[in-house]
Amino acid sequence: MAVTTETQRLDAHKLRADFPVFEELINGRPVAFLDSAASAQKPRQVLDRMREFYEHEYANVHRGVYKLAERATAGYELARETAAAFVNAPSPRELIFTRSATEGLNLVAYAWGLDNLGPGDVVVASELDHHSNFVPWQYVAKRTGAEFRVIPTDAQGELHLDVLDEIDRAGNVKIVANNLVSNSLGTINPAEQLSAWAHERGAIMVVDAAQAAPHRAIDVQALGCDFLAFSSHKLCGPSGIGALWGKRELLEQMSPFNLGGHMIRQVTVEETTWGQLPYKFEAGTMPIAEAVGFAAAIDYVNGIGLDAIERHEHELVAYALDRLGDIPGLIGYGPPADRRAGIVSFNLEGIHPHDVSQILDMDNVAIRGGHHCTQPLMRRLGVAATNRASFYLYTIPDEIDRLVEGLHKVRKVLG
Amino acid sequence: MAVTTETQRLDAHKLRADFPVFEELINGRPVAFLDSAASAQKPRQVLDRMREFYEHEYANVHRGVYKLAERATAGYELARETAAAFVNAPSPRELIFTRSATEGLNLVAYAWGLDNLGPGDVVVASELDHHSNFVPWQYVAKRTGAEFRVIPTDAQGELHLDVLDEIDRAGNVKIVANNLVSNSLGTINPAEQLSAWAHERGAIMVVDAAQAAPHRAIDVQALGCDFLAFSSHKLCGPSGIGALWGKRELLEQMSPFNLGGHMIRQVTVEETTWGQLPYKFEAGTMPIAEAVGFAAAIDYVNGIGLDAIERHEHELVAYALDRLGDIPGLIGYGPPADRRAGIVSFNLEGIHPHDVSQILDMDNVAIRGGHHCTQPLMRRLGVAATNRASFYLYTIPDEIDRLVEGLHKVRKVLG
Amino acid sequence: MSEFDQMYREVILDHYKNPRGHGLLEGADAEAEGQNPLCGDEVSIYVAFGEDGETIDEVKFSGRGCAISQAATSMLTELVQGRTATEVAGLSRDELLDEIGIPLTPVRLKCALLGLSTLKLALHKAKGTSLPQEWAGMADDLDLK
Amino acid sequence: MSEFDQMYREVILDHYKNPRGHGLLEGADAEAEGQNPLCGDEVSIYVAFGEDGETIDEVKFSGRGCAISQAATSMLTELVQGRTATEVAGLSRDELLDEIGIPLTPVRLKCALLGLSTLKLALHKAKGTSLPQEWAGMADDLDLK
Ligand SMILES: Cc1ncc(COP(=O)(O)O)c(C=O)c1O
Ligand SMILES: Cc1ncc(COP(=O)(O)O)c(C=O)c1O
């Protein structure tokens, strides 16, 4: 008897009931929220958990021995275990809470970069990277006299890996930074391959998983990277918190980043010694309730299953690309459906993205128009901005239909 | 007819009804929460506002033109105005949201310090400062070759300002950092005087108002400082957000700190230019809902009145010092009641603070035992740790009575 | 009137599709460029004064961007034609916004005021004066030069 | 039994007030120091082996800290007296915790295990072996040397 391992399907219509935002109707219809790549909506389960935490378990964490402090500490540390397991980190000690993916990337740039880079060294990012995984590297390279090199992309938004040889000749490659999924085009990037290439040269590999973590299972050990950053708000969790995973040996060798309460071992006027991992990197009062909400979001997403989410988005992208293909004057960007996550980026010839999203908004269809924090990529594509519709576990085909209808209307008005 | 300007009194018994945490009874009694200096409890008004925001107004801020993005942006920017007005900032553009007071202080240490300090320069903090306003200055001084000097305190925990002359002779004073209220002893420090001294020498004055902002009205213009940092979680707001106010000219001259999305003007492979204030210092997705909750907390606190809060705490401290005076073997620390905020720090002779707070917790009295992130001060006091009880707007004298009862019991068991 | 009809009402669309005063002006007496970094809208404004060196004789603009920024700038060229530089340097934003006559959110307000901010800068530069306080804030958000 | 009676039960208080094995041991065969940086508890442990170089002949400790850490270390000295170094190096934490017999939160657990962690380190140091995985995590939180 053959065992079939079909991926579980999710029922987006049913899941929508978890999201209070869809209860508000405008002209009888809920928002067609197609901007999840910027930030996802929050299910009741996450909001309830945070409220419960604030009402019954809140105090500052660590050191306090009274019941509320104990409960708060337990909640915060359980959240760490949840987030560590979510990316298959070998140990929760390697999981550092940050404000966001952006802060995690800056942590590495400052705390590893300032001490380990200098003239003759090379820091590599790509044209496809979000500014948050581009500007910190460019900045720390400039500060330390290292060189900053960028892997270009082709017209479809896929990396030109053949340029690596030339980059290699530019100096000692010390850092390779890349996003696992592009937020502008949905491109899925070859992080394993880049990790291997980086390690052959003794460089560290930093993966920006801000856009990947909400949508596909992440395994830092399989990726073979050294650091990986992601954000809560993009995976149905609260704003104000993210996580950075790092290899223990590296984290231990590194200087800290933010300094202050809780991250120290001993402070004297002459000298300060740092606390153990992960506290060494968590200075001051952290986003405590947010960590708990983040974990509730991870539980929620895990409950649905990342494979199911990935499949669902894949189907939506295929449907969207198909339907958008019918719109005259529509220029699409990005790789084919099978090589991208739940994001479609496009322009309507001669019409500014701001007008597109404004007119769509009048029918309560929410997409984003802009450079999506990827100006170098926009330059490569030869545009100032694109329209971007992005999907998540609560997205239904009807919302894509509303988008398509809306685009026809935009063309009628402004075309 | 004479106008009497009596400070409004607050009714702590009535206010307690706003705080769900007091609804949980253990052996028939709510928690006597005497650890507000570590973090304050949250009123329903704040939790309700955040929930409402997440349910009806949430999206990523800026750039989006659809309704949810507009509402989110409006909520976030209104929060900035609220926080700016709270410290009487000349403009909301000078108010930068951070994760916490700690991060605000680090922002100044890195972004101002790395570019403006060098050998021959002197950075000054005090023995009374929290590690968050001590270690960043020590660290950036070490990184840049500047000298780090510390203003000592006397046995009561008040600053020895006569040491300033000697510090002045050590080099070019560039930064003076001090807390407005000490979290360990409640000492109220002479920030105006230190600001004036700093400015006479061309130095910048950085005020750590983490412990002051929840308890007394703050006016950055009257203080005459250059930067001031505070946290939401200590003033009834959510964790995960704080604010840094800075003088516009300084903020404009400074390099940014975290780099990434939203804080840029133009990104090219060769160069990146920074966005306008305050965005230049707000990289990536910020704590959006937390900012909105922070503003709700400020509104809540303003509704009660900071003068009323200050008066209330003052009465509680006087009452507590009086009652604690009766306990044999109790050693108190800190200045007289009229020169301190709502904090009392003490030891019971021969009994470890952890045992004190553990035994108190059994009667649901929550205080903190430890070094309170002020190890240099503990060294000066000649102790490893102290017990600390701290008060806020919801504290009632009955809770202090329960503390005193509990301390008698501790002595009976362990004395 | 629906929200839709309000925002992209006929006159806006007309100015967007048939912009008045579109083009360059060689040897202009005053000129400036403006950009809205949030959305990439760009506008350059050129002014020629009459013989009195005061009256706005001709005003032209070039640029690209959303319908609101382009239409608003087109409407602006009609609005200021024949007025004095001093008058226009002091023109209130409401006068233009009334003319545009559509509800604007904070994000779109910047689109609508891009042309006017740029024109004001051009005039102040020509007179050697600096933008008044009220407009300096706007100039911080828009990239004017 | 109330929560109170459980945590500061008679035997704990007795060990706290009259610690067994308190003191120094000159020329000890094994020794180590431990500290709990979270609360400042400190303990130093000294071991003398019997003639076989294996049996724990005498064990002493000095230090300061909370009742739990001091009482637990005192109880520990009784528990290991006369056992072999190998046996004690492999002693499970539960054996000590059963002896202590009170409910412990994560924060207080570290207080209770400070003495045992330090003793284990002393024995491993004397044997030239390293702490097993299970105890290395504890040693990360406690400052052992
Ligand atoms: C005086 C003082 N400074 C700084 C801080 C750090 O504040 P946060 O932990 O919110 O960053 C605290 C809080 O403990 C404090 O009391
Ligand atoms: C690919 C990518 N990297 C980094 C970021 C930054 O994430 P955050 O804003 O949560 O710091 C984003 C979010 O926009 C992203 O999509």
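Note that these values count all heavy atoms, side chains included, but never hydrogens, waters or copies made by symmetry. Reminder, nothing fancy here: chain letters follow the sequence lines and each chain counts from 1.
- Neither the backbone nor the side chain of A/H372 comes within contact range of chain B, judged by heavy atoms closer than 4.5 Å.
- Proximity to chain B (any heavy atom under 4.5 Å) is restricted, for A/L68, to the side chain, taken from C-beta onward.
- Counted by atom type alone, A/S39 and B/Y58 present one or more donor-acceptor pairs between their side chains at under 3.5 Å.
- Ring to ring, B/Y139 and A/F257 are not that close: their centroids are 6.0 angstrom or more apart.
- Minimum heavy-atom separation, A/Q375 to B/R265: NE2-O, 3.4 Å.
- Closest of all the heavy-atom pairs between B/H131 and A/G261 is CB-N, 3.9 Å.
- With a threshold of 4.5 angstrom between heavy atoms, A/A101 does not approach chain B through any atom at all.
- Counting heavy-atom pairs closer than 4.5 Å to chain B, the top-ranked of the candidates A/I288, A/V21, A/V269 is A/V269.
- Checked by atom type and distance alone, the side chain of B/K67 never pairs as donor or acceptor with a backbone atom of A/N364 at under 3.5 Å.
- Contact annotation: the side chain of B/E270 never approaches that of A/Q138 to less than 4.5 Å [non-hydrogen atoms, C-beta and beyond].
- Neither the backbone nor the side chain of A/V292 comes within less than 4.5 Å of any heavy atom of chain B.
- Interface remark: A/E55 contributes backbone and side-chain atoms alike to the contact with chain B (heavy atom separation under 4.5 Å).
- What you find for B/S255 and A/R143 is that their closest heavy atoms are OG-NH2, 4.0 Å.
- From B/K42, atom NZ reaches atom CZ of A/R51 across 13.5 Å, with rounding to the nearest 0.5 Å.
- Residue contact with chain B, scored on non-hydrogen atoms closer than 4.5 Å, involves the side chain of A/V150 exclusively.
- With a threshold of 4.5 angstrom between heavy atoms, A/H56 approaches chain B through its backbone and through its side chain.
- For A/S357, the parts lying under 4.5 angstrom from a heavy atom of chain B are both the backbone and the side chain.
- Closest of all the heavy-atom pairs between B/G260 and A/T102 is CA-CG2, 4.3 Å.
- Heavy-atom distances place both the backbone and the side chain of A/E271 under 4.5 Å from chain B.
- The closest side-chain heavy-atom distance from B/N60 to A/D35 is not below 4.5 Å.
- A/R379 places a side-chain N or O within donor-acceptor distance of the main-chain N or O of B/V267, the cut-off being under 3.5 Å.
- A/S239 approaches B/Y54 most closely through the heavy-atom pair N-OH, 3.1 Å.
- For chain B, the nearby parts of A/D48 are the backbone and the side chain; heavy atoms of each come within less than 4.5 Å.
- The two atoms that bring B/P287 and A/R99 nearest to each other are CD-CD, 3.7 Å, heavy atoms only.
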